[in-house]
Amino acid sequence: MQDDGLDEPIKFYFWTTPNGYKIAIMLEELGTPYRTQFVDITKGEQFAPEFLAVSPNNRIPAIVDPDGPDGQPLSIFESGAILQYLGRKFGAFYPSNERTKAEIDQWLFWQVGGLGPMAGQYKHFKNVAPDKIPYAIDRYGKEVERLFGVLEKRLQGREYIAGAYSIADIANFTWTRVWADIGQDVRKFPNIEAWLARVAERPAVVRGLALKKPEAG
């Protein structure tokens, strides 16, 4: 929930990308106060010294938790690391059981190391690159399709990726929900389609996705 001004909240550095929405959803799921600092990556705000002190890789999202493990502020960048930290801190959506945690971790890392980067490369070469290179568009498009196939198989007979709803679902949801933008037809993946609908119905997910860039003026 957005900061109510009563306590010093988590500071959340955000922009409207799939990685940004992962943390927006997680914070809403936890119901913990947070204050959003918009970092407009279209204007180069990710290179501001204040932000680089928190996220030296100049990428969103990032957080500063004023109440870190030792009672001192703790800053964290990289969406997967933030999800794990928040899950541990609040004891939610990231169980302490090692077997279950291993299941969640492998699908979290599958997303941050595979689905996200491959989808991002597809979008770049399809929509941003000044020269349209058919080989690159085809290569990354086919890899995203292959990864969708992996997730489709994983979701066979499962409501969620690693048993109960977890940070693995949050991480994969924000990238998979933009299937049309990354060259996929979700109708070819009925398990993914049903899972997307289940996750999208969660009130905290609705609230997280409602976080928008501020109006100009």
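Using a 4.5 Å heavy-atom threshold, the side chains of Gln37 and Val64 count as separate. The side-chain heavy atoms of Val199 and Ile25, taken from C-beta on, include no pair separated by under 4.5 Å. Counting heavy atoms from C-beta outward, Leu30 and Phe93 have side chains that approach closer than 4.5 Å. At least one side-chain heavy atom of Ile161 sits under 4.5 Å from a side-chain heavy atom of Leu155. Here the side chains of Glu152 and Pro190 are in contact, with some heavy-atom distance below 4.5 Å. Two residues are said to be in side-chain contact when any heavy atoms from C-beta on lie closer than 4.5 Å; Leu151 and Gln111 fail this criterion. Annotation: side chain of Leu108 is not in contact with side chain of Ser166 (no heavy-atom distance under 4.5 Å). Residues Tyr165 and Ile170 have side chains in contact (heavy-atom distance under 4.5 Å, counting atoms from C-beta outward).
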Inset, instruction - Might you work through the side-chain contact (heavy atoms from CB on, under 4.5 Å) test for Trp107 and Val150, ending with a clear yes or no? - result: CA-CA 11 Å; Trp107 288 99; Val150 172; 3.8 Å; yes

Inset, instruction - Show the numbers, then the answer: is there a side-chain contact (heavy atoms from CB on, under 4.5 Å) between Leu196 and Trp179? - result: CA-CA 11 Å; Leu196 284 172; Trp179 51 268; 4.2 Å; yes

Inset, instruction - Test salt bridge (charged side-chain N to carboxylate O under 4.0 Å, His left out) on Lys101 and Glu98 and set out the steps. - result: CA-CA 5 Å; Lys101 189 161 64 173; Glu98 283 299 326; 3.1 Å; yes

Inset, instruction - Go through the steps to decide whether Thr32 and Leu86 satisfy the test side-chain contact (heavy atoms from CB on, under 4.5 Å), and finish with yes or no. - result: CA-CA 10 Å; Thr32 189; Leu86 292 173; 5.8 Å; no

Inset, instruction - Report the C-alpha distance between Lys213 and Asp40 in whole Å, list the side-chain angles of each, state the deciding distance to 0.1 Å, and finish with yes or no for side-chain contact (heavy atoms from CB on, under 4.5 Å). - result: CA-CA 8 Å; Lys213 65 188 74 174; Asp40 190 339; over 6 Å; no

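Taking the six-membered ring for Trp and thresholds of 30 and 60 degrees, Phe14 and Phe38 have ring planes more than 60 degrees apart, a perpendicular arrangement.
Between Phe12 and Gly20, the closest heavy-atom pair is CZ-O, 3.4 Å. When every heavy atom of Met26 is checked against every heavy atom of Ala92, the shortest pair comes out as CE-O, 3.9 Å. Taking all atoms of both residues into account, the shortest heavy-atom contact from Asn19 to Pro61 is O-CG, 3.5 Å. When every heavy atom of Val54 is checked against every heavy atom of Pro56, the shortest pair comes out as O-CD, 3.5 Å. Taking every heavy atom of both residues into account, Lys123 and Ile182 meet most closely at CG-CG2, 3.7 Å. In terms of heavy-atom proximity, Gly208 sits nearest to Ala24 at O-CB, 3.7 Å.
Under 4.0 Å is where a charged nitrogen must lie from a carboxylate oxygen, and between Arg158 and Glu103 no such pair does. Between Glu143 and Arg146, at least one side-chain N (NZ, or NE/NH1/NH2) sits under 4.0 Å from a carboxylate O, which counts as a salt bridge.
A continuous path of ILVMFWY side-chain contacts below 4.5 Å connects Phe125 to Tyr135, so both sit in one hydrophobic cluster. Cluster annotation: Phe47 and Phe51 are assigned to distinct hydrophobic clusters (Ile/Leu/Val/Met/Phe/Trp/Tyr, side-chain heavy-atom contacts under 4.5 Å, transitive). No path of Ile, Leu, Val, Met, Phe, Trp and Tyr side chains, each step under 4.5 Å between heavy atoms, connects Tyr13 with Leu52, placing them in separate hydrophobic clusters. Under the 4.5 Å side-chain heavy-atom criterion for ILVMFWY residues, no single connected hydrophobic cluster contains both Phe77 and Leu83. Under the 4.5 Å side-chain heavy-atom criterion for Ile, Leu, Val, Met, Phe, Trp and Tyr, Val206 and Trp195 are members of distinct hydrophobic clusters.
A distance-only check finds a donor-acceptor pair linking the side chain of Asp185 to the backbone of Arg187 [under 3.5 Å]. A donor-acceptor distance shorter than 3.5 angstrom exists from the side chain of Asn97 to the backbone of Arg99, with no hydrogens or angles considered.
Taken to the nearest 0.5 Å, the CG atom of Asp181 stands 10.5 Å off from the NZ atom of Lys126. The distance from the CD1 atom of Ile82 to the CD1 atom of Ile76 is 6.5 Å, given to the nearest 0.5 Å. Here CD1 of Ile23 is found 9.0 Å from CD1 of Ile60. Values are rounded to the nearest 0.5 Å. Here the CH2 atom belonging to Trp15 is positioned 10.0 Å from the CG atom belonging to Leu211, to the nearest 0.5 angstrom. Taking NZ from Lys22 and CG from Asp169, the interatomic distance works out to 12.5 Å, rounded to the nearest 0.5 Å. Separating the CD atom in Glu193 from the NZ atom in Lys188 is a distance of 13.0 Å, to the nearest 0.5 Å.
Donor-acceptor pairing under 3.5 Å is lacking for the side chains of Gln46 and Asn58. Side-chain contact of Asn172 with Tyr160: a donor-acceptor pair under 3.5 Å is absent, judged by distance alone. There is a side-chain donor-acceptor pair under 3.5 Å between Tyr34 and Glu28.
Atom NZ of Lys89 sits in a crowded spot, with more than 12 heavy atoms from other residues, nucleotides or ligands closer than 6.0 Å. At most 12 non-hydrogen atoms from other residues, nucleotides or ligands lie less than 6.0 angstrom from NZ of Lys43.
Considering Phe189, Trp175, Tyr122 as possible partners of Phe148, the one that fulfils the ring pair (Phe, Tyr, Trp, His ring centres under 6.0 Å) test is Phe189.
Residues satisfying the salt bridge (charged side-chain N to carboxylate O under 4.0 Å, His left out) criterion with Arg202, sequence neighbours excluded, are Glu29.
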